[in-house]
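Input: a single structure, listed below in structure tokens.
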2 protein chains.
Amino acid sequence: MPKPSPAAEMMPAPAAGKGGALASPLAGSPAFLVRLAQLRAFDEFHRQFANFGVTPAGFSVFALVIANPGLRPGAIAEELRVKPSNVAVLVNGLVAAGLVRREPDPAELRASLLHPTRAGQTLWQDMEQTQRETDARFTEALTPEERGQFVALLRKLLHR
Amino acid sequence: MPKPSPAAEMMPAPAAGKGGALASPLAGSPAFLVRLAQLRAFDEFHRQFANFGVTPAGFSVFALVIANPGLRPGAIAEELRVKPSNVAVLVNGLVAAGLVRREPDPAELRASLLHPTRAGQTLWQDMEQTQRETDARFTEALTPEERGQFVALLRKLLHR
DNA sequence: GGCGATTATTATGCGCCTTAACAATCGGGG
DNA sequence: CCCCGATTGTTAAGGCGCATAATAATCGCC
């Protein structure tokens, strides 16, 4: 091992007896920690959005449609870094829930323009508030400054 | 709206035409960004571990067994914040791949003690190196200092 | 010796993502 | 003008990762 990184050092693991804490070789891995964080975020979402009948992925699509009425599915796929086939299924769910409708584009008959329904616009008010609460809970262990740093680092990390 | 938060403000979204960038109301949401980051981490893992025949979840279980020989499934479930039933399936995969073996515990016949096989120990050398490369790629947009901050913030966030 | 608690596993289902196949439309070159 | 490759969208099928519920075996204790 070339350099002794401060974190993520592996202890000798003394027999892994039930007594002490066990060695966590992945505790210093960003990718692993992100996976754990996403589990927690998912949990929080489920608790808060239990009454809304939407899933995390569906919610992200809905948020984009609300913020960009007339959006096309392809643009959503690009923004969410997901394949268009996946977007189609999620939009189906939103249409079935009566939150979104597909409208034909007169100048581009292949595409469908996505608009929120009136019911969708109404429900969004509550959802937006709930989303803020979800994020607050998710990051409740962080100070406001740390939360800002966290978001900034995530955005830099994701900036392909 | 009482106070103008610096991030995550929603623009009027002028017709969502194909010309300009679209409004991203979730760009300031930690939970949403973590989900995107996890997608990227998963992608990176698949690229790097394509030849090892293990999945991300299987790898995390394997890493724990390597670091803690004689570990019991329940301890893994607790450490990874998943249900024991899930661990059993993942261990099945590792056993089938010849990386891990289940051994009876003489003092606790309900439990099985997990040990890496010799082949598993050998393969782990390469996996450990590959994992470091995966994390390096995952965080390549960050400076070393930022990477350290990122890990520290994640750990604080997760510290239930 | 029996009975609730603990440990592990299998079976089943859902969410989310992928690739592959198909359909419809667009747009430009012959 | 028509055809054909490219674009856009959708459905179908599959895999991973998680959950809950049901089952089995063992443990500890009265």
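Please read these numbers as outputs of a predicted model, since none were measured by experiment.
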B:Arg102 vs C:dT9: side-chain N/O to OP1/OP2 distance below 4.0 Å:
yes
Here's a test of your reading of the structure: between A:Leu109 and A:Asn86, which maps to the more 5' nucleotide of DNA chain C?
A:Asn86
Within the 4.5 Å heavy-atom criterion, are B:Met127 and B:Phe49 side-chain neighbours or not?
yes
Of the options C:dC16, C:dC17, D:dT7, whose atoms approach the side-chain atoms of B:Leu39 most closely?
C:dC17
Flag side-chain contact, heavy atom, 4.5 Å: B:Phe62 against B:Val54:
no
Between A:Lys83 and B:Leu114, which is nearer to the 5' end of DNA chain C once each is assigned its nearest nucleotide?
B:Leu114
Taking atom C1' of D:dG15 as reference, at what distance in whole Å does atom CG of B:Asn92 sit?
17 Å
Mind checking A:Ala57 for me? I need base, sugar-phosphate or nothing, with any heavy atom below 4.0 Å counting as a touch.
sugar-phosphate
Rounded distance (Å) that lies between atom P of D:dT7 and atom CD of A:Glu108:
12 Å
Distance test, side-chain N/O of B:Arg35 to OP1/OP2 of C:dC17, below 4.0 Å
yes
Can you measure A:Arg81 atom CZ to C:dC16 atom P for me and round it to whole angstrom units?
18 Å
Per atom distances to the A:Arg110 side chain, the nearest of D:dT8, D:dC16, C:dT10 is D:dT8
Take the protein atom CG of A:Leu80 and the nucleotide atom P of C:dC17, then report the distance between them rounded to whole Å.
8 Å
Counting any heavy atom closer than 4.0 Å, what does B:Ala111 reach on the DNA or RNA strands: base, sugar-phosphate only, or nothing?
sugar-phosphate
Give the rounded distance in Å between these two atoms: CG of A:Asp105 and C1' of D:dT7.
14 Å
So what does A:Pro73 touch, heavy atoms closer than 4.0 Å: a base, only the sugar-phosphate, or nothing?
sugar-phosphate
Taking the side chain of B:Ser112 as heavy atoms from C-beta outward, which of D:dT8, C:dA8, D:dC16 is closest to it?
C:dA8
Strictly below 4.0 Å, N to O, side chains only: are A:Arg47 and A:Glu44 in salt-bridge contact?
yes
Classify the ring geometry of A:Phe42 against A:His46: parallel below 30°, tilted from 30° to 60°, perpendicular beyond 60°.
perpendicular
Atom-to-atom span, CZ of A:Phe45 to C1' of D:dC18 - whole angstrom:
16 Å
May I have the distance from A:Glu78 (atom CD) to D:dG9 (atom C1'), rounded to whole angstrom?
15 Å
Out of D:dA19, C:dG15, C:dT25, which nucleotide sits closest to the side chain of A:Thr55?
C:dG15
Let's test your reading of the model: under 3.5 Å, does the base of C:dT19 pair with the side chain of A:Ser85 as donor and acceptor?
yes
Could you tell me the separation between the NE2 atom of A:His46 and the C1' atom of D:dC18, rounded to a whole number of Å?
10 Å
Taking all non-hydrogen atoms of both residues, which atom of B:Arg155 and which atom of A:Ala27 are closest, and how far apart?
NH1-O, 3.1 Å
